[in-house]
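Here the structure comes first, spelled out in structure tokens, and everything after it is commentary.
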Amino acid sequence: MAGTTPRPALRPSAGAPHARLLGLGAYRPSRVVPNSEVVLGIDSTDEWIRQRSGIEERRWATDDETLRMMSVAAARRALEDSGVDARQIDCVVVATVSHFMQTPALATLVAHDLGTDQAAAFDVSAACAGFCHGVAMASDMVRGGSARHVLVIGAERLSEQTDPHDRGTAFIFADGAGAVVVGPGDEPGIGPVVWGSDGEQYDLIRSREDWRDVLTSESPRMPHLVMQGNAVFRWASFQMAKTGLQALDRAGIGVDDLDCFVPHQANNRITDAMARAMKLPDSVAIARDIVHQGNTSAASIPLALDRMREEGQARSGDTALLIAFGAGLAYAAQVVVLP
Ligand code: UT7
């Protein structure tokens, strides 16, 4: 307008040219629960569970292994692995569906426990896809300039939310936490994310009731997770391979350039179907953490990465394809270079 001083252009935020994973850590609860224990509550067998899901045993948290405790333990290991001090963390993201306080976020407590009270801290609710959502956001934060170092934690305590008498879920879900530190890199270490959701299929995996229904019920009970397993199974087996190929394409690499395939640990048969559909060569190491850990939702990918590294199937500098999928139905996939 005439006579008014023009508004100065805002300074654009500017971050690092590239982002990468700097460190990885995990926490596995101490209690090992074999199939023989789970089948006490459901009409099933050890053989059926192994054949249909791949699970031989899972980890369930003890009373002392709270969501907060497991998150902090995994985060400390990731920080140590990265060589980054907690006080250098600008943002803490916890991906979880197991934090039973509507507000504030668990991430604020985790940041406090780690001694990084100045960091931004918030939770992400994208169920089993949450960890890959967190990594995508962290990569953009580092490159966009809103944070230099971001701690991304996937943590769940699903044993508490699982009905031990529900044949469709009792043998699947488990507990644990995994974390990565994302920071600046000299070259791209986190490829573009391919992500999305399908709210039309909202009912396929969800809490049985919302909290208001629980509270107004005559006999209040935990709103356990319910799942139409076979429908999710078919969706994941067909759609997620396409998502994985898109993530490879967006990263500018092909299946022959991959060292590791680390999908959400939902079911070994889904993993097999995806690997077949993407035509992964035999040289690609495939994560099978579910066999001993069960399905830990947002924690499953960092836990699986941790095991692969520990067992020598994955090494620093390897290229890995991550694909996460679950309730929502939400999904996210990206290629990363391992720390
Ligand atoms: O993490 C979030 C994303 N979650 C997932 O991706 C999970 C995806 N779904 C799955 O992993 C599988 O659907 C399950 C492992 C949950 C189930 O396997 P399925 O091959 O899809 O089984 P189904 O539901 O199609 O049932 C097949 C048969 C049925 O018997 P009939 O009708 O063929 O006689 C079921 O009654 O298996 C029976 N069945 C069981 N038998 C023993 C279902 N659950 C059980 C059980 N034990 N727990």
Side-chain angles (χ1 to χ4, degrees), residues 33-59 95-98 124-133 154-159 161-176 178 195-198 201-208 224-241 243-244 262-275 277 287-291 293-304 322-333:
V33 181
N35 289 342
S36 56
E37 185 177 331
V38 171
V39 298
L40 298 176
I42 51 174
D43 176 15
S44 189
T45 61
D46 172 43
E47 191 191 4
W48 190 95
I49 297 170
R50 284 174 193 246
Q51 277 179 3
R52 294 292 181 131
S53 69
I55 300 172
E56 294 177 9
E57 58 191 16
R58 74 281 295 134
R59 298 289 184 114
T96 188
V97 295
S98 309
V124 168
S125 175
C128 306
F131 176 76
C132 288
H133 279 64
E156 303 288 7
R157 217 163 172 273
L158 297 180
S159 58
Q161 299 172 70
T162 304
D163 179 350
H165 304 296
D166 176 3
R167 215 175 173 219
T169 55
F171 63 96
I172 289 188
F173 293 126
D175 309 334
W195 56 0
S197 65
D198 182 1
Q201 308 206 65
Y202 185 86
D203 282 339
L204 293 190
I205 317 175
R206 59 174 173 81
S207 300
R208 190 173 44 207
H224 288 130
L225 295 169
V226 289
M227 175 168 73
Q228 296 175 41
N230 198 262
V232 180
F233 184 94
R234 281 182 277 118
W235 169 79
S237 300
F238 293 112
Q239 296 302 323
M240 289 303 100
T243 302
V262 192
H264 166 47
Q265 299 291 287
N267 185 316
N268 257 345
R269 289 189 299 138
I270 296 178
T271 299
D272 292 339
M274 288 192 286
R288 301 287 182 187
D289 193 45
I290 190 169
V291 175
Q293 180 70 41
N295 175 340
T296 57
S297 187
S300 90
I301 286 182
L303 279 167
L322 316 182
I323 306 181
F325 52 87
L329 296 172
Y331 59 91

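When a ligand or atom number is given, it counts from 1 through the structure's own listing order.
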I'd like to know whether ligand 1 has Thr45 as a neighbour, heavy-atom separation below 4.0 Å. no
Rounding to 0.5 Å, atoms CZ (Arg59) and OG1 (Thr296) come to a distance of 11.5 Å
Residue and atom name of the nearest protein heavy atom (relative to atom 27 (C) of ligand 1), distance in Å to one decimal: Arg52 NH1, 3.7 Å
Which distance, rounded to the nearest 0.5 Å, do you find between the OG of Ser237 and the CZ of Arg269? 8.0 Å
State if Cys128 counts as touching ligand 1 under the rule of any non-hydrogen atom under 4.0 Å. yes
Audit row: Ser44, Phe171, side chain to side chain contact (heavy atoms under 4.5 Å, CB included) steps and yes/no: CA-CA 9 Å; Ser44 189; Phe171 63 96; 5.5 Å; no
Subset of ligand 1 atoms that lie under 4.0 Å from at least one heavy atom of Asn230: 13 (O), 19 (P), 21 (O), 25 (O)
Assess, by modelled atom type and distance only, whether the side chains of Gln161 and Ser98 contain a donor and an acceptor separated by less than 3.5 Å. yes
If we number the atoms of ligand 1 from 1 as shown, the ones under 4.0 Å from a heavy atom of Ala266 are 5 (C), 6 (O)
Per-atom contacts, ligand 1 versus Arg269 - under 4.0 Å to a heavy atom: 18 (O), 19 (P), 20 (O)
Please walk me through it: do Asn295 and Gln265 pass side chain to side chain contact (heavy atoms under 4.5 Å, CB included)? CA-CA 6 Å; Asn295 175 340; Gln265 299 291 287; 5.8 Å; no
Please indicate, with yes or no, if any protein heavy atom is found under 4.0 Å from atom 48 (N) of ligand 1? yes
Applying a strict 4.0 Å limit to heavy atoms, is Asp43 in contact with ligand 1? yes
For Asn267, the ligand 1 atoms whose distance to one of its heavy atoms is below 4.0 Å: 10 (C), 11 (O), 12 (C), 15 (C)
Can you name the atoms of ligand 1, numbered from 1 with element, that are less than 4.0 Å from a heavy atom of Ile205? 2 (C), 3 (C)
Considering non-hydrogen atoms of the protein only, which is the closest contact for atom 43 (C) of ligand 1, and what is the distance? Trp48 CZ2, 3.6 Å
To the nearest 0.5 Å, atom CD1 of Ile172 lies from atom CD1 of Ile290 at 7.0 Å
From Met227 atom CE to Leu204 atom CG, the distance as rounded to the nearest 0.5 Å: 10.0 Å
What's the separation between atom CD in Glu57 and atom OG in Ser36, rounded to the nearest 0.5 Å? 10.0 Å
So, Asp43 side chain and Arg167 main chain: donor-acceptor pair closer than 3.5 Å or not? no
Please could you name the atoms of ligand 1 that Ile172 approaches to less than 4.0 Å, counting only its heavy atoms? 16 (C)
Please could you name the atoms of ligand 1 that His264 approaches to less than 4.0 Å, counting only its heavy atoms? 1 (O), 2 (C)
Pairs of nitrogen or oxygen atoms closer than 3.5 Å, one from Gly229 and one from ligand 1: do any exist? yes
Assess the residue pair Ile55 and Asn35 against the criterion (side chain to side chain contact (heavy atoms under 4.5 Å, CB included)); give the C-alpha distance rounded to whole Å, side-chain angles, the decisive distance to 0.1 Å, and a yes or no. CA-CA 8 Å; Ile55 300 172; Asn35 289 342; 4.1 Å; yes
Could any protein non-hydrogen atom be found less than 4.0 Å from atom 39 (N) of ligand 1? yes
Which of parallel (below 30°), tilted (30 to 60°) and perpendicular (above 60°) describes His133 and Trp195? tilted
Protein non-hydrogen atoms only, distance under 4.0 Å: does atom 32 (O) of ligand 1 have such a neighbour? no
From Gln239 atom CD to Ile323 atom CD1, the distance as rounded to the nearest 0.5 Å: 12.0 Å
Can a protein heavy atom be found under 4.0 Å away from atom 10 (C) of ligand 1? yes
Determine if the distance from atom 36 (O) of ligand 1 to the closest protein heavy atom is below 4.0 Å. yes
Do any nitrogen or oxygen atoms of Ser53 lie less than 3.5 angstrom from nitrogen or oxygen atoms of ligand 1? no
Those atoms of ligand 1 less than 4.0 Å from some heavy atom in Met227: 4 (N), 7 (C)
